[in-house]
Engineer: 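Would you mind keeping the following structure in view while I ask a few things?
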Amino acid sequence: MAPPKARERQVLESFYPVLALVFILVACVEFCDAATVVDVYRLIQYDISGVPFGSRAATLNHHAGSLHFPSGADLSRTVVITPLCELNITFVKECISQKKRLGGLLFLLPKILGLDGLKNEGTRCPNNGEGMIKDLLAQLERFLIHENIPYPVYFASEGDDIDAVLADVKRNDATGQLATATTGGYKLVVSAPEPRKLVSSTITNIQGWLPGLKSDGDASQLPTIAIVASYDTFGAAPDLSVGSDSNGSGSVALLEIARLFSLLYSNPKTRGRYNLLFGLTSGGPYNYNGTHKWLQSLDHRLHESIDYAICLNSIGSWDDKLWLHVSKPPENAYIKKIFEDFSNVAEDLGFKVDLKHKKINISNPRVAWEHEQFSRLRVTAATLSGLSTAPELLERTGGLVDNRSFLNESAVAKSIKLVAESLARHIYRYDGKNIQVFADDSSLAVNPTYIRSWLDLLSRTPRVAPFLSKDDPFILALKKELEVHTSDVSLQHELFDGMFTFYDSTAAKLHIYQVASVTFDLLLLLALGSYLVLLFCFLVITTRGLDDLIGLFRRPPSRKVKTA
C-alpha cells in the first residue's frame, strides 16, 4: 500500500487537468458571437507642411453606440454609429472642434450613393430635416478633411446586417444605459496596423499627339492646341473617391475629343493645320502639381508653338450654363476669339457659356484652376467648367459626394460637342458659317455609348494620386486608350513632392461581435467552478475514499526541531 504522502501527490496530480480547464474558461470569460463583418474605409490621414489633418488612428476595439445616447454619457470607449440620414452635424462639429473624447465614429452611407442608386439629386433624408443627401454629405466631408481627429473615423455602406445591429444598439441606448463591459452589447473591432507615411509616391502624366498637315516645302512649325484634363481625385475616404464629375467627366471628354479628331485627322483631306496635344495630368487637387511638371518638361519649341490650351474640369453636373474661366483680361484678342467661338457654338446648341476672369498672383502658390499653370508661363489658356467659382483647396475634387448617381451624361455629351465644334471652328476657320462638323446623324457624331462606358469605369475607380503606382492598371488603361486615337503617347513619372504627406491604412474589415455582460460571465464562471469542485469531490470520494478528501484540507503536523 502506498504511503499517505504518495497518495496525496496522486490526488493532486489528478487535479491538474481540472485546473487547466478552469484557466481556459477564465481566459475565455467574455463569451461572444460574431454578428457580422463589414468593409469600412478610413477617413484620410495627411499632413500639409507638417500640420496634421484627418483621422490619426486606425485600430478600433470599443462598444457600439448610437446618437440616442443619454445626456452626459461617457463616450470615450464608444464608437458612435451615425447613418447619414440621421446625421447631427452640430454634434459632430462639437465633438471634434471641442476635442471631446470618443472611441471612434462610424458613418453609414445610404445605398443611393452606390453605382446602381437612384439618380435624383433632390432625394431627401426622411429622418433629417436639414436637407438633401448630397448637401449633407458635402457639408460633412468639407468639415472632416480640414480637422485633426485623434481617434478612428470610418465610413461604411448601409446594409441589412449592420442596420440590424444599429437597431439593437438604438434599443439599448433608449433605456438610458450605454453598452459597456458591464452591461454587454455590441463590440466593434478593426485590427489595423499603425498608419505609415507613404514614401516615394509618384504622379503620372499621359500625353498624346495628333500631328497637323504641313504644306509641301513648309519648314515652319505648325501651331498647337492643347486639350488638357486632370484625372486624379481627393476625398474624405481615398478608397471611395471616384470623382465621376471632378474630374471623371473632363477625362472622358478628352478621350472622346481625341477619338473624334483622330477620325478627322486620319484623312489628309480633312486634317487641320494645327497639331493637337492631349494631356491627362495628375496632381490636380494639389495645385495642379502634375500639370506644372508636365509643362516644365515640354520642349521649348513646343512650348512656344501652343496657340492656346483648353482645360476641362467638372463638366457633368450643369443645367443650362457653362463657364469659361480665364486669367488674361477679357479684352485680350486671343481670349475674345476663344470666347466668341465657344459662345456661338453654345448658342447653336441651345445653352450659354459665360466668361469669368480671375487675375492670378504669381507669388501665391495656390492654383485654383488648371489653366493658371499655363498662364504662369505666359501661355493663353482657359478652363471650361460647370462651376462658376473656383473651389477651395482640396474641396470639390472628386470626394464622397461626387459619384455616378449625381452625374448627368447628357451634360457631358453636350460639353464634348461644344469643345469639339469650337476647336473645329478655330482650326478650319469657318467663322460665321452654320456648319456642324460633328453633327448628330453623321459618322463624326459624339458617341453616348463610348462616354457611358468610360464614365462607368471611372466611377468605379478611386484615383487619389499618392495611392496610384506607376503601373496601376487604370493608368495603363488610359495610356492604351489614348494610343488608339493618337500617336507618340508617352508617360511622365514624377515624384509627388511638395507640402503634402499621406498615410496608408485606408481600408479595413470591421468585425462586429455581440458580447455578454461581465455579470453574466461571472455568474457563468461561478456555476462552472461550483460544478467542477463538486465533480472533483465526487471523484475523490468514489475512487480514494472520504479520508483522502479530508486529508487534502488537513494541516500537516508541525515538526519540532530538536536542539542540542
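Just so it is clear, the values below take in all heavy atoms, side chains as well, and ignore hydrogens, waters and symmetry mates.
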Engineer: To the nearest 0.5 angstrom, please state how far the NE2 atom of H68 sits from the CG atom of L166.
Structural biologist: 8.0 Å
Engineer: Check for a donor-acceptor pair, side chain of N247 on one end and backbone N or O of S230 on the other, with a separation under 3.5 Å.
Structural biologist: yes
Engineer: On a heavy-atom basis, which atom in V367 and which in Q373 lie closest, and how many Å separate them?
Structural biologist: CG2-NE2, 3.7 Å
Engineer: Is a salt bridge present between E372 and K358, judged by a nitrogen-to-oxygen distance below 4.0 Å?
Structural biologist: yes
Engineer: For K509 and V40, run side chain to side chain contact (heavy atoms under 4.5 Å, CB included): C-alpha distance rounded to whole Å, both residues' side-chain angles, the deciding distance at 0.1 Å, then the answer.
Structural biologist: CA-CA 6 Å; K509 295 286 186 182; V40 291; over 6 Å; no
Engineer: Test your reading of the model: is there a side-chain donor-acceptor pair from S249 to the backbone of I315, 3.5 Å cut-off?
Structural biologist: yes
Engineer: I'd like to know if the side chain of W294 pairs up with that of Q207 as donor and acceptor (distance under 3.5 Å, no hydrogens or angles considered).
Structural biologist: yes
Engineer: Atom CD of residue position E392 - does it have more than 12 heavy atoms of other residues, nucleotides or ligands inside 6.0 Å?
Structural biologist: no
Engineer: Restricting to ring-ring contact (aromatic ring centres under 6.0 Å, His included), what partner residues turn up for F234, sequence neighbours left out?
Structural biologist: Y46
Engineer: Evaluate the side chain to side chain contact (heavy atoms under 4.5 Å, CB included) criterion for residues E494 and T202: first the C-alpha distance (whole Å), next the side-chain angles of each, then the deciding distance (0.1 Å), finally the verdict.
Structural biologist: CA-CA 5 Å; E494 296 282 353; T202 59; over 6 Å; no
Engineer: Is any side-chain heavy atom of L106 less than 4.5 Å from a side-chain heavy atom of I162?
Structural biologist: yes
Engineer: If every non-hydrogen atom of N148 is compared with every non-hydrogen atom of K99, which pair is closest and at what distance?
Structural biologist: O-NZ, 3.6 Å
Engineer: When you compare the side chain of H63 with that of V515, does any pair of heavy atoms fall below 4.5 Å?
Structural biologist: yes
Engineer: Decide yes or no for F143 and S97: does some side-chain heavy atom of the first lie under 4.5 Å from some side-chain heavy atom of the second?
Structural biologist: yes
Engineer: Is any side-chain heavy atom of N287 closer than 4.5 Å to a side-chain heavy atom of L393?
Structural biologist: yes
Engineer: Apply side chain to side chain contact (heavy atoms under 4.5 Å, CB included) to residues I310 and L384 and explain how you reach the verdict.
Structural biologist: CA-CA 7 Å; I310 181 68; L384 183 70; 4.2 Å; yes
Engineer: If you measure from OG1 on T36 to CG on D160, what distance do you get to the nearest 0.5 Å?
Structural biologist: 10.0 Å
Engineer: Side chains of S385 and H325: is there a donor and an acceptor less than 3.5 Å apart?
Structural biologist: no
Engineer: Give me the atom names and distance for the closest heavy-atom approach of A253 to L312.
Structural biologist: CB-CD1, 3.9 Å
Engineer: Do V189 and L60 make a side-chain contact, defined as non-hydrogen atoms from C-beta onward lying under 4.5 Å apart?
Structural biologist: no
Engineer: Any luck finding a side-chain donor-acceptor pair between H62 and T78 under 3.5 Å?
Structural biologist: no
Engineer: So does Y231 get a backbone contact from the side chain of R463, meaning a donor-acceptor N/O pair under 3.5 Å?
Structural biologist: yes
Engineer: To the nearest 0.5 Å, what is the distance between CG on L280 and CG on D232?
Structural biologist: 10.5 Å
Engineer: Treating R452 as the side-chain partner and E409 as the backbone partner, does any N or O pair qualify as donor plus acceptor under 3.5 Å?
Structural biologist: no
Engineer: Are the side chain of T59 and the backbone of A192 linked by a donor-acceptor contact shorter than 3.5 Å?
Structural biologist: yes
Engineer: Go through it in stages, so that I can follow the logic: the residues are N205 and S282, the test is side-chain hydrogen bond (donor to acceptor under 3.5 Å, both in side chains), and I'd like the CA-CA distance, side-chain angles, deciding distance and then a yes or no.
Structural biologist: CA-CA 6 Å; N205 299 317; S282 184; 5.5 Å; no
Engineer: Between P238 and P462, which heavy-atom pair has the shortest distance, and what is it?
Structural biologist: O-CB, 3.4 Å
Engineer: With rounding to the nearest 0.5 angstrom, report the CZ to CZ distance, R101 to R77.
Structural biologist: 9.0 Å
Engineer: Could you tell me whether D402 and R396 make a salt bridge, using a distance below 4.0 angstrom between a side-chain N and a carboxylate O?
Structural biologist: no
Engineer: Check for a donor-acceptor pair, side chain of K293 on one end and backbone N or O of L495 on the other, with a separation under 3.5 Å.
Structural biologist: yes
Engineer: Give the minimum heavy-atom separation between A58 and P195, together with the two atoms involved.
Structural biologist: CB-CG, 4.0 Å
Engineer: For the side chain of N408 and the backbone of S317, is there at least one donor-acceptor N/O pair under 3.5 Å apart?
Structural biologist: no
Engineer: Could you tell me whether the side chains of S459 and S244 share a donor-acceptor contact shorter than 3.5 Å?
Structural biologist: yes
Engineer: Any side-chain donor-acceptor pair under 3.5 Å between T281 and E370?
Structural biologist: yes
Engineer: Could you check whether any side-chain heavy atom of L455 comes within less than 4.5 Å of a side-chain heavy atom of R404, counting everything from C-beta outward?
Structural biologist: yes
Engineer: Considering only NZ, NE, NH1 and NH2 on the basic side and carboxylate oxygens on the acidic side, decide whether D47 and R56 come within less than 4.0 Å.
Structural biologist: yes
Engineer: Cut-off 3.5 Å, side chains only: do Q492 and S297 have a donor facing an acceptor?
Structural biologist: yes
Engineer: Under the side chain to side chain contact (heavy atoms under 4.5 Å, CB included) rule, what do I96 and Y151 come out as? Steps first, then yes or no, please.
Structural biologist: CA-CA 10 Å; I96 296 174; Y151 43 80; 3.5 Å; yes
Engineer: Please report the interatomic distance CG(L510) to CD1(I81), rounded to the nearest 0.5 Å.
Structural biologist: 8.0 Å
Engineer: T506 and side chain to side chain contact (heavy atoms under 4.5 Å, CB included): which single residue from V464, D239, L240, I44 fits?
Structural biologist: D239
Engineer: With rounding to the nearest 0.5 angstrom, report the CG to CG distance, L400 to L43.
Structural biologist: 9.0 Å
Engineer: Are W318 and S415 close enough, and set up right, to give a side-chain hydrogen bond (donor to acceptor under 3.5 Å, both in side chains), and what steps lead you there?
Structural biologist: CA-CA 10 Å; W318 55 280; S415 301; 3.0 Å; yes
Engineer: Please examine the side chains of P110 and I133, heavy atoms only from C-beta on, and report whether any two atoms are closer than 4.5 Å.
Structural biologist: yes
Engineer: What do the steps show when you test K170 against E86 for salt bridge (charged side-chain N to carboxylate O under 4.0 Å, His left out), and what is the final call?
Structural biologist: CA-CA 12 Å; K170 287 180 179 179; E86 298 177 14; 2.6 Å; yes
Engineer: Find out whether V326 and K356 are in side-chain contact, i.e. whether some heavy atom of one side chain is under 4.5 Å from a heavy atom of the other.
Structural biologist: no
Engineer: For F91, which residues count as a ring-ring contact (aromatic ring centres under 6.0 Å, His included) partner, sequence neighbours excluded?
Structural biologist: F69
Engineer: For Y41 together with F155, are the ring centres under 6.0 Å from each other?
Structural biologist: no
Engineer: For T233 and G243, indicate whether the former's side chain and the latter's backbone hold a donor-acceptor pair under 3.5 Å.
Structural biologist: no
Engineer: Give a yes or no on whether K359 atom NZ has more than 12 heavy-atom contacts from other residues, nucleotides or ligands under 6.0 Å away.
Structural biologist: no
Engineer: With Y286, which residues qualify under ring-ring contact (aromatic ring centres under 6.0 Å, His included), at least two apart?
Structural biologist: F496, F500, F502
